[in-house]
Novice: 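Just dropping this structure here.
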Amino acid sequence: MCADALPKYLEILNPEQRKAVFHSGRPLLILAGAGSGKTRVITTKIAYLIREKEMDPRSILAVTFTNKAAREMSCRARLIDDRAQDAMLRTFHSFGAWFLRRNGHLAGLPSGFVIYDDDDSISLLSTIMEGSPRAEVKLMAHNISRAKDYFLSPQDPRLDFFDHRKIFKDSYVKYEERLAKIGNVDFGDLIKKPVEILRGNPDLARRFHERFRVIMVDEYQDANIAQFELLRELCGPGVYVCVVGDDDQSIYRFRGAEVRNILEFPDRFYGADIIRLERNYRSTDPILRAASSVVNHNTGRLGKSLRSERGKGKKPVLAFMADQDEESAQIAGLILNAVKLGGHFSDWAVLYRTNAQSLGFETEFLRRRIPYRVVGSLKFYEREEIKDALALLSFLANPRDEVAFRRMVNKPSRGVGPATVDKIIDSSGDTGDLAEAARNISPELSARARAGVADFLKAIEAGRDALAKDKKAEEKKLPRKREDLRGEEGLSLCVVRMAEVSGLAGYHLTQDEIAGNQRLNNLQELANAASPYSADMNGLLDFLEHIELDRSMEESAAAEGEGSDLVTLITLHNTKGLEFRKVIMTGIEQGIFPRDDKDGDDLEEERRLFYVGATRAMDELYFTSCAMRRMYGRNSPMEPSLFLRELDRDNLKIIGKAPYGFGGAPGTSGATGTSGATGAYTGGYGRSANPAATSSDGRWRKGDRVFHDDRGYGEVSGIRESDEGPVITVRFESGGESRFLSQYQSGSYTKIGGDV
DNA sequence: TAATCGATCTTTTTT
DNA sequence: AGATCGATTA
């Protein structure tokens with residue numbers, strides 16, 4: 001094919017991208033740097049195969065890691081050729097769920113299985129490890145989950161790698177037994193079980209090889225071992241496999257991702273070709289240089305040279321702040337100013353390491369009327385009332401669900417205590433049907449417990465009725481109370497009926513006067529979310545599965561339209577695959593980013609996270625670092641992140657009072673040496689433009705002479721008020737500064753010649 | 001059996 | 001600061 005005869009969608013590709021799209025035959029590894037157009041390559045390749053190679057779209061499987069990525073991929077491929085909608089584009093986990101819905105019986109799964117999230121797993125484990133502290137149960141749950149990521153069964157000797165104790169293996173064995181009895185699966189099972197089924201059923205595997213002729217995996221650097229095994233099982237003779245990834249963007253090691261997968265791809269898929277995409281179309285050169293200068297400190301990379309196609313641009317800005325209040329205030333000011341000059345809010349993204357950090361920005365943005373959205377906070381589905389309602393639905397779907405039963409049988413209180421619950425569960429026999437067991441054993445219970453159990457079963461019956469019967473008739477029969485939830489369409493009636501009959505709605509309403517209404521609203525929202533699903537068992541299972549696998553709540557496509565000029569607040573992890581004109585990476589402090597318990601491989605992962613964050617920026621990049629931060633409810637002094645020292649300094653604009661080692665900033669004293677003091681980070685400037693001359697407790701005045709036991713003579717150079725009282729800054733004659741809280745003056749600092 | 005109070009930790013990151 | 005756990009009390 002010669003270039004000028006190419007259709008437009010192929011013509012716009014650069015030579016390497018085109019090579020990747022046209023490639024066929026052997027396995028292919030595409031090493032795609034940030035912003036090098038890898039999504040374009042995958043989507044184009046899908047369309048190309050359908051259009052030019054007349055491939056049946058149904059025989060193409062493309063796997064991603066997030067639902068968002070899957071949706072975007074589907075959208076973009078369809079823009080080129082609408083037939084791409086018939087290709088299977090899913091996340092690994094949703095592919096696994098799809099697989100198990102059809103073939104789960106081969107592993108003894110009932111058709112109505114429900115997916116347990118981490119909390120459910122912990123609940124189940126805590127009944128197994130009764131009496132163990134919660135932290136221990138959590139650790140065990142984590143290790144079991146990791147074991148499944150590594151495709152290790154309870155008998156595998158390699159489990160010692162995670163935890164060599166006998167209790168670990170025992171717990172894992174029991175956990176698997178209980179899960180099997182219940183008939184549900186956890187996240188890890190969604191990958192592990194399909195592999196086992198494919199291995200145990202060669203005929204089925206063959207049928208899959210005939211069905212899926214082309215398999216593509218995006219973000220391959222984030223695949224775990226189990227996912228690698230799944231990929232291998234799906235790759236039968238003649239199946240074309242193409243994986244795309246960037247070893248520098250591997251940031252999910254903590255949940256089992258193995259960079260090894262991408263590093264060893266050429267060995268595992270023998271004869272693989274490698275294509276590198278190293279032209280970056282997103283960021284200006286200084287931004288790429290900043291990002292690279294940090295990640296270059298990592299060892300064990302495949303290595304690549306990312307070049308900016310955009311060329312020159314503004315230097316990244318590194319701003320030192322006194323504390324997080326100043327951080328959010330300054331950022332708000334920066335954004336408002338840019339908008340005043342004609343920019344958009346949506347140009348901006350504020351990035352942070354932990355979700356908890358979003359709060360400060362939200363408060364400040366609310367106050368200053370800056371419109372924003374918080375991406376990926378899964379709070380909705382973590383709310384108590386929502387989990388309650390979902391547990392009721394889960395139990396309706398699978399009456400063997402012990403976890404859901406335990407959670408809801410006595411909520412609201414119905415006089416069914418732990419003793420009764422155990423009695424019911426013990427009597428359930430091998431069917432495991434707890435609703436049936438409860439009914440059977442009922443005569444043996446005390447009157448109070450019997451009535452309570454009956455009430456619970458009534459709620460489940462109400463749900464079942466809503467599924468089975470004509471919903472219109474059902475709805476009319478019942479006189480509606482003012483505070484009732486509404487739900488007419490599809491599955492929503494089922495949600496509403498269960499929430500009401502169980503007393504859940506009333507319970508949450510009376511439980512807390514202030515929060516009650518909000519909780520009712522949340523339940524209503526859940527009911528609304530259920531309305532598109534059909535009011536039958538399939539609809540119910542669909543709904544539950546959808547909620548477990550995709551909690552991003554990005555349903556409301558309406559909000560995406562115009563009139564949504566919003567600043568994005570987002571964790572660094574969540575930014576993968578996104579881009580913004582202007583990016584602010586906040587809280588770049590030791591202990592936050594990187595966390596200070598990180599070293600070795602973990603530290604390298606943090607560095608890659610830094611790289612991911614920085615390469616999201618197209619035009620402008622900012623870093624902020626605070627001298628003081630409220631953590632665990634108290635103020636603690638912070639040091640600038642190690643990563644800031646690794647940044648290419650000539651390529652940076654530093655503002656604010658820089659700590660030692662960051663030359664060039666205004667206010668940096670010419671002092672040398674820090675006399676071995678731990679506080680490398682001195683300075684930080686006051687919250688207000690005119691710092692106080694006298695501390696609010698009257699104990700210190702600017703210019704006061706001070707003596708410190710270790711550091712000698714100095715003078716008070718600044719006073720600032722914090723919520724723990726005045727913060728006094730002292731500049732020592734020996735050079736260097738330090739700060740302390742007035743209330744903790746202690747013996748180290750002594751005021752000279754003063755009237756203490 | 002349930003609710004309340006105080007003490008004791010805690011915090012990654014997500015399918 | 002907030003959640004969570006355990007013990008104590010009604």
Side-chain angles (χ1 to χ4, degrees), chain A residues 63-70 90-97 115-119 121-122 126 131-139 142 145-146 148-149 185-192 219 222-224 226-227 230 250-257 324 351-360 375-379 381-382 384 410-421 446 448-449 452 511 545-552 570-577 587 591-598 602 605-606 608-610 612-613 629-636 723-724:
Chain A
V63 190
T64 64
F65 278 85
T66 66
N67 294 285
K68 204 192 320 166
R90 282 175 182 263
T91 65
F92 260 115
H93 288 89
S94 103
F95 175 79
I115 302 163
Y116 273 171
D117 65 13
D118 290 352
D119 280 346
S121 295
I122 291 170
S126 64
S132 297
R134 194 171 172 74
E136 178 74 4
V137 177
K138 274 187 175 172
L139 177 69
H142 178 260
S145 160
R146 232 22 11 91
K148 291 189 177 186
D149 289 342
V185 297
D186 60 20
F187 273 116
D189 287 338
L190 292 176
I191 311 298
K192 188 165 171 272
E219 309 279 14
D222 287 330
N224 60 36
Q227 287 160 339
L230 180 55
S250 169
I251 54 174
Y252 286 111
R253 207 176 100 92
F254 69 93
R255 67 167 202 226
Q324 62 203 344
L351 279 46
Y352 37 79
R353 180 64 229 273
T354 63
N355 275 308
Q357 287 166 257
S358 76
L359 198 66
V375 173
S377 98
L378 340 146
K379 283 178 225 140
Y381 290 106
E382 278 170 8
E384 183 187 349
N410 195 34
K411 189 169 184 179
S413 298
R414 306 186 175 95
V416 185
T420 310
V421 172
S446 69
R448 190 163 151 64
Q511 192 68 19
E545 183 174 313
H546 185 263
I547 284 173
E548 283 308 329
L549 296 180
D550 185 6
R551 301 187 157 186
S552 60
I570 191 168
T571 62
L572 285 156
H573 280 86
N574 264 324
T575 60
K576 190 137 65 103
I592 299 258
F593 186 36
R595 282 179 67 89
D596 42 13
D597 53 355
K598 301 279 176 175
D602 286 342
E605 172 140 318
E606 297 274 298
R608 292 193 290 266
L609 191 55
F610 187 98
V612 167
R629 184 172 290 275
R630 242 183 338 270
M631 288 172 87
Y632 307 118
R634 59 171 58 240
N635 258 331
S636 31
D723 46 6
E724 288 190 275

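Note on naming: letters A, B, ... go to the chains in the order of the sequence lines (proteins, then strands), and numbering restarts at 1 for each one.
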Novice: If I take atom CZ in residue R630(A) and atom C1' in nucleotide dG2(C), what distance separates them, rounded to the nearest angstrom?
Specialist: 14 Å
Novice: Measure NE2/H546(A) against P/dT15(B) and give the value in whole Å, please.
Specialist: 12 Å
Novice: With V63(A), which residues qualify under side-chain contact (heavy atoms from CB on, under 4.5 Å), at least two apart?
Specialist: L61(A), F92(A)
Novice: Between D186(A) and I115(A), is there a donor-acceptor pair closer than 3.5 Å when you use the side chain of the first and the backbone of the second?
Specialist: no
Novice: Roughly how many Å apart are dT4(C) and dT13(B), using the P atom of each and rounding to a whole number?
Specialist: 15 Å
Novice: Could you state the interatomic distance from NE2 (H142(A)) to CD1 (I122(A)), rounded to the nearest 0.5 Å?
Specialist: 10.0 Å
Novice: By side-chain contact (heavy atoms from CB on, under 4.5 Å), which residues pair with F254(A), not counting sequence neighbours?
Specialist: Y252(A), H573(A), E605(A)
Novice: Distances under 3.5 Å only, N/O to N/O: pair up the protein atoms with those of nucleotides 7-10 of chain C.
Specialist:
none

Novice: What is the per-nucleotide protein-contact pattern of nucleotides 6-13 of chain B, from the 5' end, where B denotes a base atom under 4.0 Å from a protein heavy atom, S denotes such proximity for sugar-phosphate atoms only, and - denotes neither?
Specialist: ----BSBB
Novice: How long is the line joining CZ of R146(A) and P of dT14(B), in whole Å?
Specialist: 14 Å
Novice: Both F65(A) and G417(A) contact DNA chain B. Which one's nearest nucleotide lies toward the 5' end?
Specialist: G417(A)
Novice: How close or far is atom P of dT15(B) from atom CG of D189(A), stated in whole angstroms?
Specialist: 18 Å
Novice: Any donor and acceptor pair, going by atom type alone, linking the side chain of N67(A) with main-chain N or O of L549(A) inside 3.5 Å?
Specialist: yes
Novice: Can you tell me the distance, in whole Å, between the CD1 atom of I547(A) and the P atom of dT15(B)?
Specialist: 15 Å
Novice: Under a 3.5 Å distance rule, please check whether Y352(A) uses its side chain to pair with a backbone N or O of L572(A) as donor and acceptor.
Specialist: no
Novice: Mind checking D118(A) for me? I need base, sugar-phosphate or nothing, with any heavy atom below 4.0 Å counting as a touch.
Specialist: base
Novice: Just to verify, what does N224(A) make a side-chain contact (heavy atoms from CB on, under 4.5 Å) with, not counting sequence neighbours?
Specialist: D149(A), A226(A), Q227(A)
Novice: Roughly how far apart, to the nearest Å, are dT11(B) and dG6(C) at atom C1'?
Specialist: 22 Å
Novice: Report which part of the nucleic acid D186(A) touches: base, sugar-phosphate, or nothing (heavy-atom distance under 4.0 Å, all strands).
Specialist: nothing
Novice: Starting at atom CZ of F95(A), determine the distance to atom C1' of dT15(B), rounded to an integer number of angstrom.
Specialist: 16 Å
Novice: As an exercise, state the distance from CG of D117(A) to CD of E548(A), rounded to the nearest 0.5 Å.
Specialist: 4.5 Å
Novice: side-chain contact (heavy atoms from CB on, under 4.5 Å) with T66(A): which residues, sequence neighbours excluded?
Specialist: K68(A), A69(A)
Novice: Taking only side-chain nitrogens and oxygens of N224(A), does any of them come within less than 4.0 Å of OP1 or OP2 of dT15(B)?
Specialist: no
